[in-house]
Engineer: 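Here it is: the structure, laid out below.
Chain identifiers are assigned alphabetically (A, B, ...) following the order of the sequence lines, protein sequences preceding nucleic acid strands; residue numbering begins at 1 within each chain. Small disclaimer: the values here were computed from a predicted structure and weren't measured.
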Amino acid sequence: METLERDTGDSKEASSSAEIQNSWVEAQDSLKTRLVTEDDFRWQLPTAASTAIGGGECGVLKYVGGVDISFAKDDPSIACGTLVVLDLQTLELVYEDYSVVTLHIPYVPAFLAFREAPILLQLLEKMKTCDHPFYPQVFLCIYFLFNLLSSNSGIVMVFGCEQMLMVDGNGILHPRGKCPPHWQTFCWIFFPVSAYCSSILLNGFGLACHLGVLANLPTIGIGKNLHHVDGLSQSTVRQLLETKGTNEDILSLRGDSGRTWGAAMRSNPGSFKPIYISVGHRVSLATAVKIARMTSKYRVPEPIRQADIRSRDYLRKHQSGG
DNA sequence: GCGACAG
DNA sequence: ATCTTGTCGC
């Protein structure tokens, strides 16, 4: 039987892939109970008025982070994790950091986070421990206290109150939330209380959710391809976009069950290859779409695109020639 | 039973 | 995720 290696401190245990996947499912379910799928942050999105005044006031979202991972062409186990932070107004880069590591966990569809989250969390931790000029220092102390009092995760994140993170990968648009058609409606009518509890568990839990919960950060998930779920497929989405014509560039991703998993957005009216936006953590879909739109110069929003490009460049420069 | 399956 | 050439268009 195929086995995967698992690091448990000093000793390495070999477990069957089925066992490991079961433990991954448990971990996802447990983290999922802490997931917040509505707006839960202190800042506001910049408006025309706030930018006219200058955009420097407290409370207006000023920075957007982006994370991505690239891989070496010769050795797929060598990876470069990247964290960038862009100014939301100018889309200029204000921070970048890289970490080249060897990955031992394979990519398994629906369990991407177990492969990629550790390296990305490490970059976020590192940023937390260093002071950076664009950090709102006042919030930093308050937020730190708040985290100390309320945190039940092992990671206390101080990212400031005016930032959020875009993740290359999905949020709740993820297959573990799959449910039979009309099951949800049935439950809401006859068992409203348990349905409320289930509605939490029915969410998928992709990389963006995983990172958001562990780092206690607002996150949104950006997929460049669709992870098929609840009857949704790339061809379905393209057909729907075609029937919508050029009037609308945004499409709500409603599955067979009636559940909305996210949104498909195309930057160009003529392009039928959209990006897939979904809620990560502490951000509603409406807000996620707004932020994706205001950071999109090209098909892929800038935070993700910059992380993507720079990650590949960094790996190229540092694997050959030093 | 078989295929599909983010990065 | 990565390997890949040119080509068409702003």
Engineer: Report yes if some heavy atom in the side chain of A/Ile172 is under 4.5 Å from a heavy atom in the side chain of A/Cys209; otherwise report no.
Structural biologist: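 In short, these two side chains touch, coming nearer than 4.5 Å.
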Engineer: Would you say B/dG7 has OP1 or OP2 under 4.0 Å from some side-chain N or O of A/Asn225?
Structural biologist: yes
Engineer: Before you tell me yes or no, could you show the steps for A/Ser311 and A/Asp68 under side-chain hydrogen bond (donor to acceptor under 3.5 Å, both in side chains), namely the whole-Å CA-CA distance, both residues' side-chain angles and the distance that decides it to 0.1 Å?
Structural biologist: CA-CA 7 Å; A/Ser311 187; A/Asp68 189 27; 5.3 Å; no
Engineer: Quick check on C/dA1: is either OP1 or OP2 less than 4.0 Å from any side-chain nitrogen or oxygen of A/Lys73?
Structural biologist: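 Answer no for this pair, as no side-chain N or O of A/Lys73 is under 4.0 Å from OP1 or OP2.
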Engineer: Choosing from B/dG7, C/dA1, B/dA6, which nucleotide comes nearest the side chain of A/Asp308?
Structural biologist: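 The closest nucleotide is C/dA1.
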Engineer: Ignoring hydrogens and angles, answer whether the base of B/dA6 and the side-chain atoms of A/His228 contain a donor-acceptor pair closer than 3.5 Å.
Structural biologist: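 When only heavy-atom distances are counted, A/His228 does not reach the base of B/dA6 through any donor-acceptor pair under 3.5 Å.
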Engineer: Exactly one of A/Val289, A/Leu285, A/Thr287 should register a side-chain contact (heavy atoms from CB on, under 4.5 Å) with A/Val279. Which one does?
Structural biologist: A/Leu285
Engineer: Please classify the nucleic acid contact of A/Ser70 as base, sugar-phosphate, or nothing, using heavy-atom distances under 4.0 Å.
Structural biologist: sugar-phosphate
Engineer: Using a heavy-atom cut-off of under 4.0 Å over every strand shown, decide if A/Leu226 touches base, sugar-phosphate, or nothing.
Structural biologist: sugar-phosphate
Engineer: How long is the line joining NZ of A/Lys297 and P of C/dC10, in whole Å?
Structural biologist: 20 Å
Engineer: Return the value, rounded to whole Å, for the distance between atom CD1 of A/Ile304 and atom C1' of B/dG7.
Structural biologist: 12 Å
Engineer: Give the rounded distance in Å between these two atoms: NZ of A/Lys273 and P of B/dA6.
Structural biologist: 11 Å
Engineer: Just how far, in rounded Å, is P of C/dT2 from CD of A/Glu116?
Structural biologist: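 Spelled out: CD on A/Glu116 to P on C/dT2 is 10 Å.
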Engineer: Measure the distance from CG on A/Leu173 to P on B/dC5 and round it to the nearest whole Å.
Structural biologist: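 Distance check: A/Leu173 CG to B/dC5 P gives 13 Å.
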Engineer: Round to a whole Å and report the spacing from CZ of A/Arg316 to P of C/dT4.
Structural biologist: 12 Å
Engineer: Examine B/dA6: is either OP1 or OP2 under 4.0 Å from a nitrogen or oxygen in the side chain of A/Tyr107? Give yes or no.
Structural biologist: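 For B/dA6, OP1/OP2 do have a side-chain N/O of A/Tyr107 under 4.0 Å.
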Engineer: Starting at CG of A/Leu112 and ending at P of B/dA4, how long is that distance when rounded to a whole Å?
Structural biologist: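 So the CG-P distance, A/Leu112 to B/dA4, works out to 20 Å.
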Engineer: With a cut-off of less than 4.0 Å, is there a side-chain N or O of A/His227 near OP1 or OP2 of B/dC5?
Structural biologist: no
Engineer: Using a heavy-atom cut-off of 4.0 Å across all strands, would you classify A/Phe111 as base, sugar-phosphate, or nothing?
Structural biologist: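 Base contact.
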Engineer: Classify the angle between the aromatic ring planes of A/Tyr314 and A/His318 as parallel (below 30°), tilted (30 to 60°) or perpendicular (above 60°).
Structural biologist: parallel
Engineer: In whole angstrom, what separates A/Asp230's CG from B/dC5's C1'?
Structural biologist: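 Spelled out: CG on A/Asp230 to C1' on B/dC5 is 14 Å.
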Engineer: Does OP1 or OP2 of B/dA6 have a side-chain N or O of A/Arg115 closer than 4.0 Å?
Structural biologist: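 So the side-chain polar atoms of A/Arg115 never come under 4.0 Å of the phosphate oxygens OP1 or OP2 of B/dA6.
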Engineer: So A/His210 and A/Phe205, would you call those rings parallel, tilted or perpendicular, with 30° and 60° as cut-offs?
Structural biologist: tilted
